[in-house]
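Note on naming: letters A, B, ... go to the chains in the order of the sequence lines (proteins, then strands), and numbering restarts at 1 for each one.
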Amino acid sequence: MPITVDSTDEVATATENTQSISADEIALYDRQIRLWGVKAQEKLRSANILLVTMKALANEIAKNLVLAGIGSLTIIDHEPVSGDDLCSQFFLSEEDIGKNRANAAAPQIRKLNPRVAVHAESTDVKTRGPEYFTQFDVVIITEADFDTISSINTHTRLSNRPLYATASHGFYGYIFADLISHDYVIQRDKSNIPTALKAETSTRSVIAATTKKENGKVVEIVTKRETYSPIALVNSAPLPAEHLKNRRRLRQVTQLLTGIRALWEFQRLSNNALPSQSRADMELFTTLATAKHKELQLPPETLTSEFLRNFLQNMGAELAPVTAFLGGVLAQDVINVLGGREQPIQNFLLFDAEESKAPVYALHPLMSLVVA
Amino acid sequence: MGRERYPKQSLGSLYGRIKESRILMVGAGGIGCELLKDLVLTGFGEIHLVDLDTIDLSNLNRQFLFRHEHIKKSKAMVAKEVAGRFNPNVKLEAYHANIKDSMFNINWFQSFNLVFNALDNLEARRHVNKMCLAADVPLIESGTTGFNGQVQVIRKLTTDRAEQSATIAIRRKLRRLSPSAPYEAHQVNPYTALFGQRAIFSPFGRGNSRLTDGSEIFGTSEDDAPELDHGEDSENSREIEKLKQEAQALKLIRQSMGSPDFARKVFEKIFSEDILRLRSMEDMWKSRRAPEPLDFDKVSRQASEVDISVAQKDQITWSLPEDFVVFSDSLRRLSIRLHDAQAKATDGGAPPVLTFDKDDDDTLDFVAASANLRSLIFGIETKSKFDIKQMAGNIIPAIATTNAMVAGLCVLQAFKVMRNDYTSARMVFLAKSADRVLSSEPLRPPKQDCAVCGVAQTRLVVDTSRATLNDLVEDLLRLKLGYGEEFSVNNEVGTLYDPELDDNLKKKFSDLGIKGDSFLTVIDEEEENPRVNLVLSISEKSLPVDSKPIVHPESIDIARRARKPLALPEDALTNGHANGIGSVTGKRKRSAEDMVPEDEQPKKKGKVVAKGDDLIVLDDDTSNGVIEIDDD
């Protein structure tokens, strides 16, 4: 008796991208392919990533990306391993003290996944011109001061490459993303209301929507575009309007945003040094923080001396659970961005581990509105 | 300078306590590897880790302490060796063992300042949860699936239990799709088709008639069995006669194993004859598409060009001829294996068994191809082998990044626990949202009507060679704790005492099999204002002959339940495992029949018996060989 198969379309599409990843790789990456699919895995496999400064946060990011099976990872760091580096880094041991940090970590990173090419460079990334960055699909800069991030961001903008910047200070940290313009796809059950191709927020718009049938359900494939700003503009940008016009939401904005802006300003004024616990530094930092808090139009009472004390106490420290969290979030975002799926970070994430909070604010200059 | 600088700087005085702490970590898998790294780097003084598992290739994409050369080695041992190098100041102790082993008793749990659960297995989680509550040690529970994850602090009388960790929710969902799902479900989706095909494993086992008639898959659970008795007696005997014929037909098929006709016989039985018979029940197909049987000759002609290597293409959805080729080739491979196993089997030993295992390609091929053939018959969407492996093996997607985030969050909550700062401790979830990546809520006080947290806990020191159940019931519960007439005493086997089951009162603890480090649950059944369930953890000790054989060293205030008495719920902590109460020994005055848990009932011939949550045993004693399907 005849059998009809009514899912011929899917059989056809499934056949197209058959097995271009080897069976061995599918077995190795089984549990993640089940999450993001073979196509995203193939994109990962051909991605070249640059990771700047090999400290605790970069250890986590390198581990996560290399395990996931990216094509190549280049780590660049011009400094030697110090005793402090052993606190929260797991690619190093005592005998590495004095060696270049990138060179010391590279062999351990390679062991995580022999399929990934790991390159170590011991030059100062600040000596690199814009063309250097074109060889990478994503640039990740860790533990840098504002000026360094800003100058590399200028290069990544010129070479049209997505950039992430991240840093941690003990219990606190941030992730900044400038993906310039990033398209990604989400799948969802088709709603009764047709999906309009229009702006969803001041940075995000829907640029395409198609449907397919899956398990008898109509699934909608929606392509969205997020538009970004460079860090030079983000650093002086106001909070999004939905915060500014709502006092309750303004009161909930984390003091850490103020803290990071004040820190960047402090470093600019003090030749990139971090604030110490000296009275002079604390006074200067408090003054800067108060000004930044005001600039952000945040209620003065939401900036507390307790927070400022804690923040300064944590300056420059690396805590394994904090870097593990931030490195996990950042690597996950990079993986999704490479695979062209899921909402990416837009554009400033702050992690306060004491408060168990990690809000994301879209910080853009007022004039930059999306053109869909 | 050096290793301790940053933790000291950020943690201040807490760092001293961390250095002195003794920590238990249960599970060295996805979350476990990440957690161990964070704990070791942070400088927790002494870390014990327990894991029963060995390393598998599919672990290497996220369990970064393990490499190719570690495959098949103990996770706990390798994790200790690799993570130990991250910080030589930390003392590590690894156990390649099951956390439910008796060596890990309450005293042992009490020797830790803090316990981390990094398990993917619900049963072991519950056990650790129970032990931590009994030992009064704070527990940090965590779970991940895909991009989702959560962390929760659990402390006796301080917080409630993780009610629905992401993993637990997923597992429950899968369990609902178990073979005992209603008969009507069998053509709804690929899951049900799939479970059907796992049951069809019977050609290799002793098999039984009902497994291959149209209802083989879903009609064989305990629930459906009584249907046989509904009709007239004559109909019943006809039914029985039919069953006998079925059994005979199957036996013949099994006997032809290894012959050139074997694939044809199995195929025609399952995909043609049984389907035709099912199709003949016209009432069933009034409102839905009738199944279309498959024709062996026709399909095998179509399949003549297909190479058997198609079985390795696990990403594509096979066509009907491809399903057919994989079906017959895997049948051939399995026949050879069973034949070899039978040849090697010694007399008197257990008959050889082929077990479904998602990592055993022969069995997976057979299940995948058969599931797809069946799906085609019922007009259900077919699936790739890769997808079927996930469904059949209960595989949960797992990635390094989620585990790293969750492990980090576990340690951050641990800091709060070690500061004894439960007001700022949080239950934390990873959130997929554009405006935050975390959501959190404050810890909630225990809920009286939650089966796990709404219980009272206390510890008894018992001389089990002298103490009788009466000592417990009269002296302790009635006289000392003020219980009335209506209550029951239960353990994981069943009810030991209630007002109508008093045979056991004279018996000693040792005669009743109540040992040290076990639990008893007292359920107050008074109409008015009953107490919450009371969990007694038993410590065994020889007590002086002239003293009382049961000592209750601590005082306890047992809260009253707000609502009606609880029947012991499915996942009652107090009862260890599902299904509640059966009678242990002695005659009951009340009918106990309906309370006997399914897996305590004598297994009936020719039944698919659902054992526990996940284990399906196809049991029949008429022939030689049984198939167990374990979807671990």
Side-chain angles (χ1 to χ4, degrees), chain A residues 1-3 5-7 10-11 14-15 17-19 23 26-32 34-35 38 60 63-64 67-69 83-84 86-88 90 93 111-112 170-171 215-216 313-314 317-322 324-325 327-329 331-332 335 342-343 346 349 353-354 356-360, chain B residues 1-7 9-10 34 37-38 41-42 57-58 60-62 64 67 85-86 146-147 189 292-295 312-317 319-320 376-377 379 381-382 384 386 390 395 397-402 404-405 407-409 411-412 424 426 428 432 434-438 440:
Chain A
M1 260 169 251
I3 293 297
V5 185
D6 54 12
S7 56
E10 272 174 48
V11 176
T15 320
N17 51 33
T18 315
Q19 312 290 325
I26 287 182
L28 173 63
Y29 301 126
D30 183 283
R31 296 302 188 273
Q32 66 199 44
R34 291 183 192 282
L35 190 61
V38 175
E60 290 287 344
K63 174 201 70 191
N64 295 335
L67 288 175
D84 294 344
L86 300 180
C87 286
S88 305
F90 48 90
S93 50
K111 283 188 192 166
L112 291 179
F171 280 97
N215 290 339
Q313 164 83 34
N314 278 282
E318 297 182 325
L319 270 189
V322 175
F325 179 79
V329 175
Q332 188 55 65
I335 288 166
E342 309 286 334
Q343 165 74 41
Q346 170 64 283
L349 178 151
E354 290 278 24
S356 310
K357 280 185 179 149
V360 181
Chain B
M1 288 291 155
R3 252 181 222 293
E4 299 191 320
R5 177 182 164 177
Y6 294 146
Q9 179 189 335
S10 276
E34 291 288 335
K37 169 205 67 192
D38 295 347
L41 288 171
T42 308
L57 173 66
S58 65
L60 303 187
N61 80 321
R62 63 196 183 284
F64 80 106
R67 319 220 197 291
R85 288 184 225 128
F86 299 164
F147 294 126
N189 66 35
E292 298 282 352
L294 294 170
D295 181 287
Q312 274 123 56
K313 295 188 179 171
D314 66 352
Q315 294 291 307
I316 60 164
T317 311
S319 64
L320 170 60
L376 290 168
I377 287 168
E381 184 187 357
T382 55
S384 71
F386 185 82
Q390 178 159 349
I395 296 175
I399 52 174
T401 46
T402 307
M405 291 179 231
L409 295 171
V411 178
L412 292 169
S424 76
R426 291 283 178 279
V428 189
K432 265 176 82 179
D435 61 3
R436 58 190 148 70
V437 295
L438 279 185
S440 69

Which portion of [X] sits near chain A, non-hydrogen atoms under 4.5 angstrom:
| X | result |
| --- | --- |
| B:Val437 | both |
| B:Ala398 | both |
| B:Ser440 | side chain |

Next item on the list: Determine the option with the most heavy-atom pairs under 4.5 angstrom with chain A, choosing from B:Thr402, B:Thr42, B:Val411, B:Leu412.
Entry: B:Leu412

Item checked: Contact winner vs chain A - B:Arg67, B:Arg85, B:Arg426, heavy-atom pairs under 4.5 Å -> B:Arg67

Which portion of [X] sits near chain B, non-hydrogen atoms under 4.5 angstrom:
| X | answer |
| --- | --- |
| A:Leu349 | side chain |
| A:Leu28 | both |
| A:Glu354 | both |
| A:Lys63 | side chain |
| A:Gln32 | both |

To the nearest 0.5 Å, what is the distance between [atom1] ([X]) and [atom2] ([Y])?
| X | Y | atom1 | atom2 | value |
| --- | --- | --- | --- | --- |
| B:Thr401 | A:Leu35 | OG1 | CG | 8.5 Å |
| A:Leu67 | B:Phe64 | CG | CZ | 8.0 Å |
| B:Leu438 | A:Phe325 | CG | CZ | 3.5 Å |
| B:Ile399 | A:Tyr29 | CD1 | OH | 14.5 Å |
| B:Arg62 | A:Asn64 | CZ | CG | 13.0 Å |
| B:Tyr6 | A:Leu86 | OH | CG | 10.5 Å |

Margin query: Going by side chain to side chain contact (heavy atoms under 4.5 Å, CB included), name the residues that satisfy it together with A:Arg34, two or more places apart in sequence or in a different chain.
Written below: A:Asp30, B:Phe386, B:Lys389, B:Gln390, B:Ile395, B:Pro397

Notebook entry, point to check: Looking at side-chain heavy atoms only, is the closest gap between B:Glu34 and A:Glu60 below 4.5 Å?
Noted result: yes

[X] versus [Y], closest heavy-atom pair with distance:
| X | Y | value |
| --- | --- | --- |
| B:Ser10 | A:Gly170 | OG-CA, 3.3 Å |
| B:Leu41 | A:Ser88 | CD1-O, 3.7 Å |
| A:Cys87 | B:Pro7 | SG-CD, 4.0 Å |

Check: Most heavy-atom pairs under 4.5 angstrom with chain B, which of A:Gln313, A:Lys357, A:Gln343, A:Gln346?
Finding: A:Gln313

